[in-house]
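First comes the structure, then the notes that go with it.
Whatever order the structure lists ligands and atoms in, that order sets their numbers, starting from 1.
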Amino acid sequence: MVSLIILQLGVGLVAYLLVVSIYRLFFHPLSHIPGPKLAALTHGYEFYYDVIKKGTLIWEIQRLHGIYGPIIRINPREVHILDPEYYEEIYASSGRRRHKDPVFQSQFNVMMSSISAIEAETHRQRRGLLEKSFSKRAIQNIEAFIYTHINRLVSRLEEAQELREVVRLDTAFAALASDLIHEYLYGINPGNLDKEGFNGHVRDGINGLFHGAHVLYFFPALHVIMDSIPLGIWERLSQPVFALLSEKRLIYQMGVDALEAKATRKAVDADVLETPGGKLIRSLTADTVPAHLRTPDRLMHEGFAIIVGAVETQTRPLAVAAWHIYSREDVRCRLREELKTIMPNPDSKPSWNQLEQLPYLANVVNESLRLATGIAGRSPRVAPTETLVYKGYKIPPGTVMSHINYFVLMDPTIFPKPHEFDPDRWSRAALKGARLDKYLVNFGRGSRMCVGLNLAYAEMFLVIATLARKFDMELYETPKANIEFARDFGTPLPESGELNVRATVTGVVTE
Ligand code: HEM
């Protein structure tokens with residue numbers, strides 16, 4: 001009897017798989033899109049490259065484009081297009097609605113944040129609460145605040161020179177970005193820059209999420225399991241999960257504290273309201289914000305998304321810039337000479353606006369961003385009502401579509417010898433009337449492009465100018481492989497280990 005039931009179940013399963021397979025291959029709305037049959041049949045294709053072969057689907061997608069052309073079906077429900085000129089069709093601006101894919105978003109477990117909002121309308125409402133705090137004017141107004149954090153970094157580098165210590169620059173940049181965004185968001189500076197080793201494990205929680213991102217994409221229910229197991233047990237079982245959950249609980253608590261403080265506060269002085277510390281949480285909890293967006297869970301989701309969005313993304317281009325500046329004397333000398341024109345002494349504090357006018361510095365910033373990539377993998381969009389057409393292929397409404405940023409940033413027809421750090425390529429192109437910045441897609445494009453872009457640029461300009469003007473450094477046991485993109489774990493990772501740039505401070509410039 002039991003064996004008969006098993007047999008019937010087995011036959012049922014085989015029949016089901018057969019029907020699904022026939023549908024996906026011959027009747028699915030994407031059945032006309034080129035690509036390997038196996039990828040059209042099953043998500044197992046993706047699983048193999050991203051989970052088993054650890055973040056390498058990106059290279060498989062590149063290989064498949066070489067065989068099948070610029071439009072391919074990379075899984076049963078998603079189309080990937082490799083064409084920089086089509087990028088802004090996928091990542092369109094607000095005139096054309098772009099949803100996100102719930103399956104893709106669930107891996108991050110911050111569904112109440114702006115970045116994870118599925119419908120375009122929900123997104124617009126949540127993003128609207130962030131935009132004012134990240135406008136160009138708002139960031140220009142907090143330059144002195146940004147410099148107070150950079151000053152801590154400068155002091156630590158001066159100490160390192162006196163003690164002849166080796167410094168982990170990437171960790172130092174992560175500490176800077178983390179202190180800054182925590183204080184801007186919650187008014188609390190965790191002081192990572194002052195701690196030993198720049199409190200290197202500040203990134204463990206976020207990196208834990210990145211390392212688990214592919215597995216969580218396939219098994220989002222793991223978040224529920226993770227959340228239901230007490231923290232003390234995780235401390236013994238897995239340090240990355242422990243760090244991730246601890247960070248989230250801390251952020252939750254800071255949201256709760258902000259709501260309580262607001263409820264008990266009678267009146268707040270206007271100058272307190274103007275201080276950068278806690279500016280974001282004040283706007284996220286203001287009376288004008290609809291009540292359903294002021295709950296502790298929602299604040300935790302937004303806060304965590306902002307912190308994840310602001311730390312590793314910022315660390316990598318700074319580390320890439322430092323690696324090139326301190327391994328290329330020609331770059332360092334030109335940069336310093338140019339900086340001297342507006343920084344008469346090494347401690348001058350030029351504004352972001354002044355720094356932006358320096359052409360070579362601007363080229364170094366662009367080239368560092370380009371080679372750093374930003375978000376490593378795909379960030380799909382869905383056009384809910386529009387039928388898109390690419391080279392005669394119809395992409396029906398509701399289709400999940402993506403274009404990986406790295407492929408635009410490294411396109412040899414736009415950026416010849418794309419792996420080379422060549423700041424002058426930006427001015428050479430400008431002289432010919434070409435606009436390379438159109439292809440600098442690190443921050444995405446359209447209605448959902450990075451809301452923290454101005455903060456990111458201000459940090460890039462201010463930090464690079466400060467370091468290049470004031471410090472001489474020598475890289476310490478840091479081959480180029482340490483900054484290269486070999487695996488996609490949400491953030492680009494090298495072939496083995498993490499991003500890792502170490503240096504010794506060999507001199508502090510005094511004039
Ligand atoms: C160089 C540094 C950075 C890079 C390369 C970068 C890249 C990106 C990209 C590609 C997106 C779009 C994601 C998507 O398509 O789903 C994004 C969104 C976002 N980024 Fe950044 N980012 C950087 C720095 C920052 C900083 C400093 C913040 C600080 C708050 C930030 C906060 C956000 C947020 C909140 C979103 C979601 C925007 C929305 O919901 O519309 N990012 N970022």
Under a 4.0 angstrom heavy-atom cut-off, which atoms of ligand 1 come close to Gly444? 10 (C)
For His214 and Glu46, test the side chains for any donor-to-acceptor distance below 3.5 angstrom and give the result as yes or no. no
Determine whether the aromatic ring centres of residues Trp59 and Phe485 are separated by less than 6.0 angstrom. yes
Any non-hydrogen atom of Tyr457 lying under 4.0 Å from ligand 1? no
Can you see whether Gln62 engages His65 through a side-chain donor-acceptor pair at a distance of less than 3.5 angstrom? no
Applying a strict 4.0 Å limit to heavy atoms, is Met460 in contact with ligand 1? no
Below 4.5 Å, heavy atoms only, C-beta onward: do Thr275 and Arg282 meet side chain to side chain? yes
For the ring pair Trp426 and Phe415, is the centre-to-centre distance below 6.0 Å? yes
Looking only at heavy atoms of Arg316, does any of them come nearer than 4.0 Å to an atom of ligand 1? no
Does Ala310 reach ligand 1 with a nitrogen or oxygen that is under 3.5 Å from one of the ligand's nitrogen or oxygen atoms? no
Does only the side chain of Phe134 get under 4.0 Å from ligand 1, or the backbone, or both, or neither? Count heavy atoms. side chain
From Pro380, Ser116, Cys450 - option closest to atom 17 (C) of ligand 1 by heavy atom: Cys450
Would you check whether Leu453 reaches within less than 4.0 Å of ligand 1, judged by its heavy atoms? no
Test of understanding: given a 4.0 Å heavy-atom threshold, classify the contact between Ser379 and ligand 1 as side chain, backbone, both, or neither. side chain
Under a 4.0 angstrom heavy-atom cut-off, which atoms of ligand 1 come close to Leu369? 1 (C)
Closest to atom 10 (C) of ligand 1 (judged by heavy-atom distance), picking from Val308, Thr491, Asn442: Asn442
Note: ligand 1 atoms sitting under 4.0 Å from heavy atoms of Gly374 are 5 (C)
When only distance counts, is Lys100 in polar contact with ligand 1, meaning an N/O pair under 3.5 Å? yes
Aromatic Tyr360 / basic Arg334 pairing, under 6.0 angstrom, 45° off normal: yes
Residue pair Ile61 / Ile404, side-chain heavy-atom distance below 4.5 Å: yes
Going by heavy-atom distance to atom 27 (C) of ligand 1, choose the closest among Gln314, Gln105, His123. Gln314
Atoms of ligand 1 close to Ile306 [distance to a heavy atom under 4.0 angstrom, numbered from 1]: 30 (C)
Considering Arg448, Arg127, Arg126, Glu459 one by one, which has a heavy atom nearer to atom 41 (O) of ligand 1 than any of the others? Arg127
Are more than 12 heavy atoms from other residues, nucleotides or ligands located less than 6.0 Å from atom NZ of Lys195? yes
Under a 4.0 Å heavy-atom limit, does Arg124 contact ligand 1 with its side chain, its backbone, both, or neither? neither
At less than 4.0 angstrom from any non-hydrogen atom of Ile375, what atoms of ligand 1 do you find? 8 (C), 9 (C), 10 (C), 11 (C), 13 (C)
Can you tell which of Asn405, Val365, Thr313 gets a heavy atom nearest to atom 24 (C) of ligand 1? Thr313
Does the structure place the NZ or CZ of Arg156 under 6.0 Å from the centre of the six-membered ring of Phe198, at an angle of no more than 45° from the ring's axis? yes
For a quick check under 3.5 Å, do Glu78 and Ser402 share a side-chain donor-acceptor pair by atom type? yes
Here the atoms of ligand 1 under 4.0 Å from any heavy atom belonging to Ser114 are 39 (C), 40 (O), 41 (O)
